[in-house]
Trainee: 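My questions all concern the structure below.
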Amino acid sequence: MSSRSNQAIVRPPDVEMDQVLQDSHLQRQFPGNGRASFTIWSNIKNQATELNEMINYFLRKVNIFFIMVACSPVVFAEGADCSGCHEVETEQWSRSQHAVAMAPANPSTVMGNFNNGVFRDGQVEASFERTKDGYVIRTKEAGEARTWPVKYTFGVYPLQQYLLDAGNGRLQAFNIAWDTRPASAGGQRWFRLDEPGANHPGDAMHWTGVYQNWNNQCADCHSSGLVRNYDSKTDSYDTRWTEVSVGCSACHENAQEYAKAANRGQRLAPGIELAAMGAWLVSEGKRPPRHTGPESSAYQVESCGRCHSLRTSLTDQRGGAVHDQFSLTRLEQPLYYSDGRVREEVFVLGSFQQSKMHQAGVVCTDCHNPHTGKLKVQGNAVCTQCHNAGDFDSSKHHHHPRNTAGAQCVSCHMPEATFMRIDERREHSFMVPRPDVSKESGSPDVCLACHTEQDHAWSIKTVERWYPDLYQPDTWYHAQQGNLTEVQAYLLDELEPALRRATLLEQHGEALVARHMPVLARLAESNDAVIRESAYRVLRHGAAERIRNLAEEGLADDSLAVRLAAFESMVWSGVMPDPERWASVQKEYVHYIDMQSDLPAGSVLKARYLMAGDYIYKAEQLLDRALAKDPGYVPATILLSEILRSGDRNLEAVQAIDRTLEHSPDEPQLIHLRGLIRIGLQDYAAALADLERAHELAPGQWLFGYRYAVALFQLDQKGKAREVTQTMLRRFPDNARLRALMNHL
C-alpha cells in the first residue's frame, strides 16, 4: 500500500503476464446473465498451447473493447491507429500488462469473483456483486453500510484492484483485492492489502483516504496522456486521459501526429529515439562487456523510468521525463536501506541508476522486449548476453550446483522483495552480495534468503573464503559514513552514480552551505540534472544574501526540476526572485504547488509560499485543510506551529502538536519542538522530558542532544548536561558546537 508520499498504489510489475493462467486446470469464471459461469478450454491436452490460447483470448477481448470504445472525450493515438503500420509491435503490446493496466469494468476485464463473493475479517465486511448496471461492492465498516459502484479494473497480475467512485471526480483504490494467481499458487481469492485494524474510516491511509486516491497517487502511470485537473478551490477533480491504459502514446509522445501524417500519406519523424542501439561485446576474463556502435538513446531509461520509479509530479502534461515532468525520490531511509537496497515500494529506476550497468550505458531493452515487457531470453541467458557464460554461469563463480536456485544470477544480484502481500519484484541495482554490509546496514542478507538455518557470521565467512579481496570499504554504505572531506571527494567523482551523489549531497547539505559554497557551485554545473536539482535544493539551508546569486542561476536551468528547486530554496530562505525577470519560473512554481495541493505535502509547500508573501491567514487555513486530510502529517504541524508561535499562540501550538502525536506517536521532531515551546511557557519539567525523549528517539540528530544539554545547563543540572555532552562528543567528535559547550561545562 502507499505511504505518505506521492507514489502509486499499483504499478505494472515485472512478473510475466504468462503466469496469470499457468495452472492448466484453472477455471476462469466470467459473471454473465443470470450469474452463469463457464470453463475455458478445459479439455485441451497440451498445457503450453492451452495457456497461450487462454491468455490471447483474454487479451484479445480486452483490446477489441479498447479499440471500439472511446474512453475519454480526449482521444490520442489508440493502439488501432498504430496497428496498420506496426502490426507486430501492436500485437506484442496487446499481450503485455501495459495493455490492461487499467480498464472499464466489464465482463471482459473483471477477474474477481463478483458472483456474490464475500470477504470478512472482523473489522470490515465486503460483498462483491454483479448488477444489471455493472459491478458493485457493498461494505459494512464502523457501523456504516455503503454501496460503491466499480468504475475500473486496476492491474491484472498477480492481483487486481478495483477503482470505486467516491464523488467529486475522485476514484479510490479499494483495499480488498482479487488474487489473480492460480488456485494452486494460493490465488483465486479476495484478500486484504493493509493490516486488519490498521486503518479506519477517516484515516489518511484508509482506502477512502487521500493516500489511496487514484487521481493523485497512480493515475498518470496506469493511463496515457493524463491531466489531473485538480481544482484546489472545490477540492475536486476533472481528470482526463488520452488512453485509458498504457498505450502507444505513453512512450511515443509524438504518436498522434505521426499516425495522422501516415494516414495522409505523409512522412513525419516519430519523435525522440527510444531504441537500443549498437551491440554489446561479451566479456573476456577481466575485461568487462563493451558496447560497440552507436550509443543507445539516453532518453529510453528516462521514458521507462518516469513510471517505474517513485517520484513527484511537477506539472500536468502529456508525456514528460524524470527531472522535467517529475522529480526522482532520492535514496532516503526508510524507503531504501542505507546500503542502497530497496526497502519500501520504490519500483525500479532508483535501483537501476545505482548500478554499474546503468553507468556503462545498458538500457531497459537490452534485457526486456519493449512492447511485451518480457525478458528477451530466460534464466541466466539474459545475463550471458554480455557476461561470458564460461566465467560467470559456472560453479567457479557462483559456488552452487548447476540448475539450483543458488546458480541463478538473479538469486544473488537481483533479490526479490514482496509488496502488496503477494507481488514479488526483483531489485535492479545488480549489487555484488556483501554480507558484511548487510549486517551493518540491516538490509536482507541474500545468502540467508536461501540458507535460512545459518546466520550473518556464516555468510560473512563463506563469501570471504570465496572472494578474499571482496571486503573493501568501497560501497555506497561506506561512502555515507565518511567525514566531510571524504564526502566532498565522493560528490565530485563523476564515476560514481549520480543518484547516489545527489542523495549524499542532500544528506550533508546544511554543512556544505555553511562551509563549502564553492563545492555547491561546482555541483550546480553538473551534467546530471539530479545533481543540479539537489545542489539548488540544499541552498534553502543558507541565508538569503548568501545563496541569492547562485540560486538565481538555477532559475535559468533547462530542467524544470532544477528551476523549481532553485525557486523553492529562495522562497524558503525568505527572498523572492525579481518578479519581472523570473515571472515564467514563478508561474511554473505556482502551477506545481497548485497541482500538488490536493496532497498534504503540496499544501505545506503552498502554505510556505503564501507565508513568503505574508499571506499568513491563508497559509494557516491551508495547513488546517492538510491536517484534516492527514491528522498525522508532521511537516504541516511544524509549519503551523511556526505560524502560531509567531503570533504568541504558544498554547495553541502545543495543542496542535498533541493532536498530531495522537496519530503519529513518537515523532522526535514534534516532541523536540514541543519541548522548546514549553521552555518558553516556563513549563520546565515537561520541557526537559520532551527534549530528553526526542534525544532518545533520534540519537543521530546531534542538535537534539545539544539543545537538551543546553537546557539542562540553564536549569542548573550541570552534571547531567556534562554527561549528555560527553556522550554526544563520542558520536560527533568534530562537532564545534558540542566541543564549545563541553569547554563551558
Side-chain angles (χ1 to χ4, degrees), residues 1 3 5 7 11 13-14 308-310 328-359 383 398-400 405-406 408-467 469-482 486-487 490 496-504 506-508 698-700:
M1 300 295 291
S3 60
S5 58
Q7 61 178 299
R11 306 266 183 164
D14 300 320
H308 293 272
S309 64
L310 185 62
L328 182 63
T329 301
R330 305 304 189 252
L331 306 175
E332 303 163 351
Q333 297 183 56
L335 298 174
Y336 294 84
Y337 292 100
S338 57
D339 63 353
R341 293 275 307 280
V342 169
R343 184 173 184 174
E344 300 294 341
E345 194 171 18
V346 293
F347 312 105
V348 173
L349 187 63
S351 288
F352 184 60
Q353 288 197 346
Q354 299 180 63
S355 71
K356 290 184 178 180
M357 293 189 182
H358 179 255
Q359 295 290 96
C383 302
H398 52 63
H399 298 273
H400 288 81
Q408 296 299 306
C409 306
V410 294
S411 295
C412 297
H413 299 286
M414 297 184 71
E416 280 185 330
T418 302
F419 301 100
M420 305 188 77
R421 304 287 188 184
I422 61 172
D423 193 357
E424 295 178 345
R425 306 179 198 172
R426 293 198 178 276
E427 289 194 36
H428 281 66
S429 59
F430 306 101
M431 292 183 187
V432 173
R434 288 288 298 264
D436 58 327
V437 173
S438 293
K439 181 181 179 182
E440 292 297 319
S441 65
S443 70
D445 186 329
V446 296
C447 301
L448 303 184
C450 295
H451 300 277
T452 55
E453 75 285 358
Q454 301 292 350
D455 57 15
H456 284 299
W458 173 84
S459 59
I460 291 171
K461 183 178 180 180
T462 300
V463 173
E464 185 178 30
R465 185 175 70 250
W466 293 344
Y467 301 100
D469 300 325
L470 178 63
Y471 292 164
Q472 302 296 323
D474 57 358
T475 69
W476 166 235
Y477 172 78
H478 292 104
Q480 296 172 89
Q481 314 308 313
E486 293 168 329
V487 165
Y490 191 96
E496 297 293 346
L499 182 58
R500 288 180 175 175
R501 293 163 61 203
T503 301
L504 193 65
E506 295 195 26
Q507 289 175 353
H508 295 270

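Throughout, numbering of the chain's residues begins at 1 and tracks the sequence. Basis for what follows: all heavy atoms, side chains included, without hydrogens, waters or symmetry-related copies.
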Trainee: Kindly give the heavy-atom pair with the smallest separation between Gln333 and Ser338, and that separation in Å.
Mentor: NE2-CB, 3.4 Å
Trainee: Minimum heavy-atom separation for Ser309 and Leu328, please, with both atom names.
Mentor: CB-CD1, 3.8 Å
Trainee: Side chain to side chain contact (heavy atoms under 4.5 Å, CB included) for Glu440 and Thr475? Distances and angles first, verdict last.
Mentor: CA-CA 12 Å; Glu440 292 297 319; Thr475 69; over 6 Å; no
Trainee: Is a side-chain donor or acceptor of Ser411 paired with a backbone partner of Ala405 at a separation under 3.5 angstrom?
Mentor: yes
Trainee: Please report the C-alpha distance between His428 and Val342 in whole Å, then the side-chain angles of each, then the deciding distance to 0.1 Å, and finally whether the side chain to side chain contact (heavy atoms under 4.5 Å, CB included) criterion is met.
Mentor: CA-CA 9 Å; His428 281 66; Val342 169; over 6 Å; no
Trainee: Starting at CZ of Arg343, measure out to OG of Ser443 and round the result to the nearest 0.5 Å.
Mentor: 10.0 Å
Trainee: When rounded to the nearest 0.5 angstrom, what is the spacing between OG in Ser459 and NZ in Lys439?
Mentor: 9.0 Å
Trainee: Given 3.5 Å as the limit, does a donor-acceptor pair link the side chain of Gln507 with the main chain of Gln480, or not?
Mentor: no
Trainee: So do Pro497 and Gln353 actually touch side chain to side chain, heavy atoms under 4.5 Å?
Mentor: no
Trainee: Give me the atom names and distance for the closest heavy-atom approach of Phe347 to His308.
Mentor: CB-C, 3.7 Å
Trainee: How close do Asp445 and Pro435 get, heavy atom to heavy atom, and via which atoms?
Mentor: OD2-CB, 3.6 Å
Trainee: Say you draw a straight line from CD of Glu464 to CD1 of Ile460; how long is it, rounded to the nearest 0.5 Å?
Mentor: 9.0 Å
Trainee: Using the ring of each side chain (for Trp, its six-membered ring), is His400 parallel, tilted or perpendicular to His451, with breaks at 30° and 60°?
Mentor: tilted
Trainee: So do Thr462 and Cys447 actually touch side chain to side chain, heavy atoms under 4.5 Å?
Mentor: no
Trainee: Over all heavy atoms of both residues, which pair between Arg330 and Tyr336 is shortest? Give the atoms and the distance, please.
Mentor: O-CE1, 3.7 Å
Trainee: Report yes or no: does Thr329 contribute a side-chain atom to a donor-acceptor pair with the main-chain N or O of Leu310 at less than 3.5 Å?
Mentor: yes
Trainee: Please confirm whether the backbone N or O of Leu470 pairs with a side-chain atom of Arg434, one donor and one acceptor, at under 3.5 Å?
Mentor: yes
Trainee: Let me confirm one number: the CD-CG distance from Gln354 to Asp339, rounded to the nearest 0.5 Å.
Mentor: 8.5 Å
Trainee: Checking side chain to side chain contact (heavy atoms under 4.5 Å, CB included) for the pair Gln454/Leu448: CA distance, chi angles, key distance, verdict?
Mentor: CA-CA 7 Å; Gln454 301 292 350; Leu448 303 184; 4.0 Å; yes
Trainee: Using a 4.5 Å cut-off on heavy atoms from C-beta on, say whether the side chain of Arg500 contacts that of Tyr490.
Mentor: yes
Trainee: Give the C-alpha distance, both sets of side-chain angles, the deciding distance and a yes or no for side chain to side chain contact (heavy atoms under 4.5 Å, CB included) between Trp476 and Glu496.
Mentor: CA-CA 9 Å; Trp476 166 235; Glu496 297 293 346; over 6 Å; no
Trainee: Using atom types as modelled, flag every donor-acceptor pair under 3.5 Å from a side chain in residues 413-421 to any protein atom, sequence neighbours excluded.
Mentor:
{"from": "His413", "atom 1": "ND1", "to": "Met431", "atom 2": "O", "distance (Å)": "3.1"}
{"from": "Arg421", "atom 1": "NE", "to": "Arg192", "atom 2": "O", "distance (Å)": "3.4"}
{"from": "Arg421", "atom 1": "NE", "to": "Leu193", "atom 2": "O", "distance (Å)": "3.2"}
{"from": "Arg421", "atom 1": "NH1", "to": "Glu195", "atom 2": "OE2", "distance (Å)": "3.3"}
{"from": "Arg421", "atom 1": "NH2", "to": "Asp194", "atom 2": "O", "distance (Å)": "3.0"}
{"from": "Arg421", "atom 1": "NH2", "to": "Glu195", "atom 2": "OE2", "distance (Å)": "3.3"}

Trainee: Kindly say whether the aromatic ring centers of Tyr467 and His399 come within a distance under 6.0 Å.
Mentor: yes
Trainee: Within the distance-only criterion (no hydrogens, no angle test), does the side chain of Tyr337 pair as donor or acceptor with the backbone N or O of Pro444 below 3.5 angstrom?
Mentor: no
Trainee: How far does OG of Ser441 sit from CD of Gln481, to the nearest 0.5 angstrom?
Mentor: 9.5 Å
Trainee: Which heavy atom of Gly350 sits nearest to which heavy atom of Leu499, and what is that distance?
Mentor: O-CD2, 3.5 Å
